[in-house]
Every structure is written in structure tokens, then in C-alpha cells.
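Here the structure is laid out as C-alpha cells; the discussion comes afterwards.
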Amino acid sequence: MCSIMGYAGKDILLQKLQLGFEKTKSRGPDMSRTLETPSGYLFFHRLAIMGLEEAGMQPFTLGRDAVVCNGELYGFRPLKKALEEKGYVFHSGSDCEILLPLYREHGLDMFQMLDAEFALVLYDGERDRLIAARDPIGIRPLYWGDSATGKKLFASEPKNLVGLCPEIRPFPPGHYWDGERLVCYHDPAAVESYCHDDLEEICRNIREKLVTGIAKRLDADAPLGFLLSGGLDSSLVCSVAAKLLQEQGCRRPIRTFAIGMEQDAIDLKYAREVADYIGSDHTEVFMTREQVLSSLEEVVQALGTYDITTIRASMGMYLLCKAIHETTDVRVLLTGEISDELFGYKYTDFAPSAQAFQKESQKRVRELHMYDVLRADRCISANSLEARVPFGDLDFVQYVLRIDPEKKLNRYGKGKYLLRRAFEGDYLPLSILYREKAAFSDAVGHSMVDDLKEYAASLYTDEAFRRRAQQYDFARPFTKESLLYREIFEKYYPGQAPMVTDFWMPNKEWEGCNVDDPSARVLSNYGASGH
């Protein structure tokens, strides 16, 4: 990960801007730089992943133009070669060095050319303006707001902007700001027509596109690792990556990492089974009730959210990434996020129709940047690591969203059937491939969620809960646990709750989904999940 910030003004003291920017030093601990432009500033903290030499340090400049980018541009080498043929000279192995030449050649159309996870702020010297853009899924974070004088501020995280902007908002994925207006250049959740491939062709395409997405994300000059929960999604990423690296002649096993509570971690045994099957160098990390409760405020501050699901699921991920950072040289982590939004959750089994399933899937993809993707980014980047999300590969996402939703419904007695069937063979043991899903926050140990609920219950009487919850008009807390998270959030991000649209919850309009807790554990179809 890296951290970026840009301000289109000079009226805020540079020292004050730099103090805000220092709050995300963990995203880029290797090196920092500030560039003054005629009308503002660009800021950059670097975590070196591609092009490790100092020449890969940003901001990159070309004439009067400059850019800072937190991103990975997959397949950048053909673009770089084409630019070299046009006379551009490059001084590093960094993928982001191609951005300014691309802008010179293609202007704002460049964003549609990128196969990337990115957030950037670009200074156009000829027009003396800041341009900002974010990848279509929103895998890399970007926030923005106006200063007291109405000048635009952009930054990787909201914590950079607290005290600088009265209102902080997530920059919408798939958009760019051209200095005057916000433009949507790509909405991956938009589906104009469905493809009606037969089942075998669908499964072949799913397999080939996901394998391609994983292969792209193995390209790094820094050491790779893999988060392995033992569930379907992370297990597939690890298995495919192990095969690909072996085919490339890599003799070392991949490094996998799993975490769980000491007494009842559901997934640790499954993660170990997968690790043994694929021959990975596997590390288990155990966490305690005391660690969870003592880390809670630190995690909420890092996340910048009050959402129950996101915070629960972040506790194990954050502590695992912390252990990886402190005990290994791994700097890039591949994860299994975004599969659920495409293939379905436990609650989407209750979808009343194929169209309702599709509409829900599209909604969840568009909101990813506020929930699962935010969790992965903050837990990993707060520990000076970089997240890569193969299920978020644009080609893969767009193909799965275009599959006839009738085929994605759970017609087979098994959720995510298409994904499971696509990888039948020697990728995973059938016991893992067709295992029932357990929510990550439960899979690290049912006791963790129970501990958080009990702790929150001990802090508020029923009357205190009702009184304190009433002061919030937006996304009002509805349990003592949610009130605890909201009060911690307000301590660090006062008045900024609208950064998140609402609590992540199953679709309450569907029969069987009108529940008061986001965990799949409360659904009638949870059954054998997590055992």
C-alpha cells in the first residue's frame, strides 16, 4: 500500500496538511515526499512493491505535470512498451510511472484503459488543476472534501482529512474529478444484457477468468503471502496461486496464514487441511478475548467505520496482519474478498426471484468500498502491507454479473455452486470445495462475537442505551454493541457517519431476512455452516 493526498489550495498551512497526512504513515513507511505545485500540494508515503529502487518514488513528474498514485496497474508492461515506442523514457520499474505519459497521450480517457486497483491525484500543469480518480470497484481507498474556503482535498483515508474538511465523503469508485465535475467512467455493476452460456461454458469461463485474475496479482518485487481462512474463497486463491507459481518454476511453497480464537476457531482445522493439501508453508495465529477487547478501539480507529459486520470481521484479520508484519518479511497479501457479492451470501438463498438476487448483487458490488473491501484495505495497510483481491478482477466481476441470474440462485442445495463446480478436480479436497460457508467473524471463533456482545452489554444499562442511541439521527445504533462501535467512531471521526451509507445487513424486505443481527448465524438456513 501507499498513501496519497492532494490539496488544490495554499490557504491551509503546509504544516497542518502534513500533520493530517502523517496519520497514514503506516500505509507507506518506506519513504515520504511533498511536492508543491503553483496552486497546491501533492503528498506521498511509499510502500515499495514494484520497482523497489528509489527511482520508483513518487510524485512522478513530466514537464509541469505530476501524479501520486496508490495502485497496482496490472499488465502495465505492454502499455509501457507502447509508450517507449512513442519516445517516452522511464527511469524505474514502477508500474505507476506510465500514468503521466498515458495522460499526455489519452487525456481523461486513460482511466478506461487501466486494468488496475488504484486511487490517484494528478496535477495538470497546463490547466493548473487537480484531477482525481479511483478504480471501478473501489479496492484502493480515496476520500475527498472541501476545505473551509471551498478548495478540494483528496486523501487515502478519512483520518487524513479530519479537522481539514467539515464533511468527508468516499470518492465514488469508477469516477474521476476533472477539476470541475465528477464523471463516471466505468460502472462494473451495470449489466446491459445477460450471457446465456450453458453450465459447462460458464464454469470454464469462471475458472479461466479467476485463474487469470490470480496470476496477475502474483507479480510483485516484494515477498508474497496469502490469507487462508479455510473457507472456499481464500482456499481457491491459495490453491490456484500455488499451482501457478509451481508452473513458473518456483520451488518454494507459498506462505499461508490463518487466525482463530484459542478455544473454538472453526476454520483453523480447515485452513490446515488446505495448507497440507497444497503444500504451503502455513502459520497459525491464536488470539484471546483480552486481545480482542483491548484492540477494539485501535481497530475502529483504523477502519473508520461503525458497521457491526465490518468491525467483527476485522478483529481477526487485523490481529493476523499485525502478526505477519511483526514476524515475517511478507509485504503483499492475497485475499478472498468479493466472492460473496458475486455468487451469494447465506441470506441470498431467500431471494424471492432471480431478478431480486441480481439487484442485490449489483447493490453489494457498488457498496463494496464501504464494507468488505474497506476491511481488507485497512486491516492490511494499517500493518504496512498491501492487499490484492483476485475476485475483484474487473473482467471476472463483469462476467459473473452478466451470467443469467437464474443460474446463480441456489437451485442445487449448495450456495456458490457455479464457483464450486468450476474448480472440481485437483484444486481442493471435495470436503473443502463443497463445505458449507461460515461467516469469517464466526469462523475465527463463535466466542469472539459473543465476547464483544457481552462486553458492550456490560457498559450500558437498558435506559442508558436508549438515551445515548437517540442522539444519532443517521444510522442510529440498534443494539448495545452497535452503540459501542458508534461511540468509538465518533471519538475519531466526529460527525462523519454518512461516510458509510448504513449498517451492512441482510435484505430485510425478503422473507426470512428480517433479523436484528448481521451474522448468518441468526438465519434459519445456517444449518451446518461453521462446523
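Along the sequence shown, the residues carry numbers beginning at 1. Predicted model, so just to flag it, every value in this text is computed and none were measured.
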Validate the cation-pi geometry between [X] and [Y]: distance from NZ or CZ to the six-membered ring centre under 6.0 Å, angle to the ring axis within 45°.
X      : Y      : answer
Arg435 : Tyr270 : yes
Arg134 : Phe118 : no
Arg364 : Trp504 : yes

Ring geometry between His45 and Phe21 (parallel below 30°, tilted from 30 to 60°, perpendicular above 60°)
parallel
What orientation do Tyr345 and Tyr347 show, parallel under 30°, tilted 30 to 60°, or perpendicular over 60°?
parallel
What's the spacing between Phe423 CZ and Ser235 OG if we round to 0.5 Å?
12.0 Å
Taking 4.0 angstrom as the limit, do [X] and [Y] come out as a salt bridge?
X      : Y      : value
Asp426 : Lys243 : yes
Asp372 : Arg375 : yes
Arg521 : Asp450 : yes
Arg255 : Asp329 : yes
Glu463 : Arg466 : yes
Glu424 : Arg420 : no
Arg486 : Glu490 : yes

Under the criterion salt bridge (Lys or Arg N to Asp or Glu O under 4.0 Å), I'd like the reasoning laid out for Asp393 against Arg388: C-alpha separation, chi angles, the key distance, then a yes or no.
CA-CA 10 Å; Asp393 186 79; Arg388 294 190 178 177; over 6 Å; no
Aromatic centroids of Tyr306 and Tyr493 separated by under 6.0 Å
no
